[in-house]
**Q** 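Just passing along the structure, written as structure tokens.
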Amino acid sequence: MDREGILIIVSGFSGAGKGTIMKELTARCEQYALSVSATTRQPRPGEVEGREYFFRTREQFEQMIANDELIEYACYVNNYYGTPRTYVEEQLAKGRDVILEIEIQGARKVKKQYPNAVLLFVMTKDIPTLMERLTGRGTESPEVIAERLRRAAAEAEGIEEYDYLIVNDDLKVCVEQVHAIIESEHEKVVHNREKIARIRAELEELVKGE
Ligand code: ADP
Ligand code: 5GP
């Protein structure tokens with residue numbers, strides 16, 4: 001691809017629809033590469049090893065940390081979650097836009113390493129909708145849902161650290177909105193250093209030949 005890849009960090013309340021939006025986005029456009037995280041949590045029904053997550057034991061995960069195989073990792077509701085480094089670096093080098101769907105502690109750590117990353121925070125239009133989606137998904141026990149809602153309250157404190165607020169009401173509209181944001185990020189000067197250097201060099205040649 002002829003342009004620089006952008007690192008996109010997507011966080012938001014559990015059940016807000018992050019996974020759903022990202023699946024739509026990656027299916028829509030070749031430019032997106034969705035990073036698959038490693039986790040120690042149990043697979044949900046229908047989740048496939050290497051597609052939703054790399055499911056690992058606690059020992060295996062701790063070994064990945066020790067080997068420096070993760071860009072970041074965090075503990076979320078009693079499980080480890082982390083971003084494998086190699087995939088992210090390879091895809092960015094190819095000019096693809098890499099999406100990390102991670103929680104806020106991880107988002108902060110990645111932003112330190114990749115200051116030009118764009119941070120999106122996904123929420124529902126209101127809390128009853130969030131509750132409906134979280135319970136409607138039917139994948140967690142009431143205790144885990146309660147814990148995830150507590151976590152949502154804590155994460156809400158950090159929203160100002162993000163660049164964009166994404167309200168996932170109509171899925172199609174929301175996916176279009178996210179795509180448009182990323183497209184306009186590509187126009188930023190920081191993501192066009194090479195193009196600028198090329199134009200400058202061409203201009204200099206021209207002036208010299210006059
Ligand atoms: P997250 O990844 O943020 O935890 P999910 O993508 O698993 O959330 O979505 C939670 C539930 O809400 C799923 O059952 C999903 O099908 C549903 N959902 C997601 N987006 C929408 C939407 N725009 N309208 C209605 N339901 C949605
Ligand atoms: P879930 O169990 O619902 O799939 O994910 C729980 C939370 O962990 C979500 O907020 C999700 O964004 C986050 N998460 C998933 N993968 C990673 C990761 O690699 N690193 C971090 N820090 N958080 C992650």
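Every number for a ligand or one of its atoms is a count from 1 in the order of the listing. A quick note: this is a predicted structure, and the numbers were derived from the prediction, not measured.
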**Q** Please indicate whether Asn67 has more than 12 foreign heavy atoms, meaning atoms of other residues, nucleotides or ligands, lying under 6.0 Å from its CG.
**A**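 Correct, the count exceeds 12.
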**Q** Looking only at protein heavy atoms, identify the closest one to atom 7 (O) of ligand 1 and say how far it is in Å.
**A**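 Nearest protein contact, heavy atoms only, for atom 7 (O) of ligand 1 is Arg137 NH1, 2.8 Å.
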**Q** Tell me the contacting part of Tyr76 for ligand 2: side chain, backbone, both, or neither, using a 4.0 Å heavy-atom threshold, strictly below.
**A**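 Tyr76 to ligand 2: side-chain contact only, backbone stays beyond 4.0 Å.
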**Q** Short list, please: which atoms of ligand 1 are under 4.0 Å from a heavy atom of Ser14?
**A**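 Close to Ser14: 4 (O).
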**Q** Which option, Glu101, Glu52, Arg148, Glu47, owns the non-hydrogen atom nearest atom 14 (N) of ligand 2?
**A**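 The residue whose heavy atom sits nearest atom 14 (N) of ligand 2 is Glu101.
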**Q** Atom 2 (O) of ligand 1: which protein heavy atom is closest, and how many Å away?
**A**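 Here the nearest protein heavy atom works out to Gly19 N, 2.9 Å.
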**Q** Can any side-chain N or O of Lys109 pair as donor or acceptor with the backbone N or O of Ile71 at less than 3.5 Å?
**A**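 Between the backbone of Ile71 and the side chain of Lys109 there is no qualifying donor-acceptor contact (under 3.5 Å).
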**Q** Pick one: which of Glu72, Glu161, Glu103 meets side chain to side chain donor-acceptor pair (under 3.5 Å) with Arg108?
**A**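 When side chain to side chain donor-acceptor pair (under 3.5 Å) is applied between Arg108 and each of Glu72, Glu161, Glu103, only Glu161 qualifies.
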**Q** Which residue and non-hydrogen atom of the protein lie closest to atom 10 (C) of ligand 1, and at what distance in Å?
**A**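 I find the closest protein heavy atom is Gly15 O, 3.5 Å.
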**Q** Is there a polar contact between ligand 1 and Asp169, counting only N or O atoms under 3.5 Å apart?
**A**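 Yes; at least one N/O pair falls below 3.5 Å.
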**Q** Report, in ascending order of atom number, the atoms of ligand 1 lying under 4.0 Å from any heavy atom of Leu171.
**A**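 Listed by number with element, the hits are 23 (N).
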**Q** How close does the nearest protein non-hydrogen atom get to atom 11 (C) of ligand 1, and which residue and atom is it?
**A**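 Protein heavy atom with the smallest distance to atom 11 (C) of ligand 1: Arg133 O, 3.8 Å.
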**Q** Taking Glu155 first and then Arg151, would you say they form a salt bridge - that is, a charged N and a carboxylate O separated by under 4.0 Å?
**A**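 Looking at Glu155 and Arg151, the cut-off is met.
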**Q** Indicate yes or no: does Glu101 engage Lys23 in a salt bridge with an N to O separation below 4.0 Å.
**A**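 Salt bridge between Glu101 and Lys23, a charged N being under 4.0 Å from a carboxylate O: no.
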**Q** Students should be able to answer this: which protein heavy-atom is nearest to atom 20 (N) of ligand 1, and at what distance?
**A**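 Answer, as residue, atom name and distance: Asn168 ND2, 3.0 Å.
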**Q** State whether the side chain of Ser11 and the backbone N or O of Ile102 hold a donor-acceptor pair below 3.5 Å, judged by distance alone.
**A**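 Here the side-chain-to-backbone pair exists.
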**Q** List the closest protein heavy-atom neighbour of atom 9 (C) of ligand 2: residue, atom name, distance to the nearest 0.1 Å.
**A**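 Looking only at protein heavy atoms, the one closest to atom 9 (C) of ligand 2 is Lys18 CE, 4.4 Å.
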**Q** Is it true that Arg41 and Glu140 have a side-chain N and a carboxylate O under 4.0 angstrom from each other?
**A**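 Looking at Arg41 and Glu140, the cut-off is not met.
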**Q** Got a second to check how far Gln177's CD is from Ile21's CD1, nearest 0.5 Å?
**A**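 With rounding to 0.5 Å, CD (Gln177) is 9.0 Å from CD1 (Ile21).
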**Q** Heavy-atom contacts with Gly17 under 4.0 Å: which atoms of ligand 1 show up? List them by number with element.
**A**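 Listed by number with element, the hits are 1 (P), 3 (O), 5 (P), 6 (O), 8 (O), 9 (O), 19 (C).
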**Q** With a 6.0 Å cut-off on the ring centroids, do Phe61 and Tyr81 count as close?
**A**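 Between Phe61 and Tyr81, the centre distance exceeds or equals 6.0 Å.
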**Q** Checking a contact table here: which protein heavy atom is nearest atom 15 (C) of ligand 1, and how many Å away?
**A**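 Protein heavy atom at minimum distance: Thr20 OG1, 3.6 Å.
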**Q** Write out the residue and atom name of the closest protein heavy atom to atom 10 (O) of ligand 2, then the distance separating them to 0.1 Å.
**A**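 That would be Glu103 CB, 3.7 Å.
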**Q** For ligand 2, which atoms sit closer than 4.0 Å to a heavy atom of Gly106?
**A**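 Matching atoms, with element in brackets: 22 (N).
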**Q** Would you say the side-chain atoms of Asp170 pair up with the backbone N or O of Val173, donor to acceptor, closer than 3.5 Å?
**A**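 Yes, because the side chain of Asp170 sits within donor-acceptor range (under 3.5 Å) of the backbone of Val173.
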**Q** For ligand 2, which atoms have a heavy atom of Gly82 less than 4.0 angstrom away?
**A**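 The atoms of ligand 2 under 4.0 Å from a heavy atom of Gly82 are 18 (C), 19 (O), 20 (N).
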**Q** What protein heavy atom lies closest to atom 20 (N) of ligand 2? Include the residue and the distance to one decimal.
**A**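 Checking every protein heavy atom, the shortest distance to atom 20 (N) of ligand 2 gives Glu72 OE2, 2.7 Å.
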**Q** Relative to ligand 2, is Arg151 under 4.0 angstrom through side chain, backbone, both or neither, heavy atoms considered?
**A**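 For Arg151, no heavy atom sits under 4.0 Å from ligand 2.
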**Q** Quick one: does any side-chain atom of Arg56 pair with a main-chain N or O of Thr39 as donor and acceptor, under 3.5 Å?
**A**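 No; judged by distance alone, with no hydrogens or angles, the pair does not exist.
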**Q** Any sub-3.5 Å donor-acceptor pair from Gln63's side-chain atoms to Glu59's backbone N or O?
**A**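 Checking the backbone N and O of Glu59 against the side chain of Gln63, no donor-acceptor pair under 3.5 Å is found.
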**Q** Between Arg133 (side chain) and Gly15 (backbone), is there a donor-acceptor pair under 3.5 Å?
**A**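 Side chain of Arg133 to backbone of Gly15: no pair is present.
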**Q** Using distance alone, determine whether Glu140 and ligand 2 share an N or O pair under 3.5 Å.
**A**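 No - when backbone and side-chain N and O of Glu140 are compared with those of ligand 2, no distance drops under 3.5 Å.
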**Q** Quick one: look up the protein heavy atom nearest atom 5 (O) of ligand 2 and list residue, atom name and how far away it is.
**A**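 Answer, as residue, atom name and distance: Tyr53 OH, 3.3 Å.
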**Q** Which of the atoms of ligand 2 are close to Arg41, meaning less than 4.0 Å from one of its heavy atoms?
**A**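 Ligand 2 atoms under the 4.0 Å threshold to Arg41: 1 (P), 2 (O), 4 (O).
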**Q** Check each atom of ligand 2 against the heavy atoms of Ala74 and keep those under 4.0 Å away; list them by number with element.
**A**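 Reading through ligand 2 atom by atom, the close ones are 22 (N).
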**Q** I want to check something: taking the side chain as every heavy atom from C-beta on, are Tyr114 and Ile9 in contact at a cut-off of under 4.5 Å?
**A**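 Of all side-chain heavy-atom pairs linking Ile9 with Tyr114, none is under 4.5 Å.
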**Q** Tell me whether Arg44 reaches ligand 2 (any heavy atom closer than 4.0 angstrom to a ligand atom).
**A**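 Per 4.0 Å heavy-atom rule, Arg44 contacts ligand 2.
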**Q** Looking only at atom types and distance, does a side-chain atom of Arg44 sit under 3.5 Å from a main-chain N or O of Gly138, one as donor and one as acceptor?
**A**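 No; judged by distance alone, with no hydrogens or angles, the pair does not exist.
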**Q** Could you list the atoms of ligand 1 found under 4.0 angstrom from a heavy atom of Phe13?
**A**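 The atoms of ligand 1 under 4.0 Å from a heavy atom of Phe13 are 3 (O).
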**Q** Under 6.0 Å from the six-membered ring centre of Tyr80 and within 45° of its axis: does the NZ or CZ of Arg58 meet both?
**A**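 Pair Arg58/Tyr80 counts as cation-pi.
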**Q** Would Ser37 count as being in polar contact with ligand 2, using the rule that some N or O on each side must be under 3.5 angstrom apart?
**A**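 Checking ligand 2 against Ser37, an N or O pair does fall under 3.5 Å apart.
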**Q** Side chain, backbone, both or neither: which part of Ile21 has a heavy atom under 4.0 Å from ligand 1?
**A**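 Answer for Ile21: neither.
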**Q** Mind checking whether Gly136 has a heavy atom under 4.0 Å from ligand 1?
**A**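 Checking ligand 1 against Gly136, which is what was asked, there is no heavy-atom contact under 4.0 Å.
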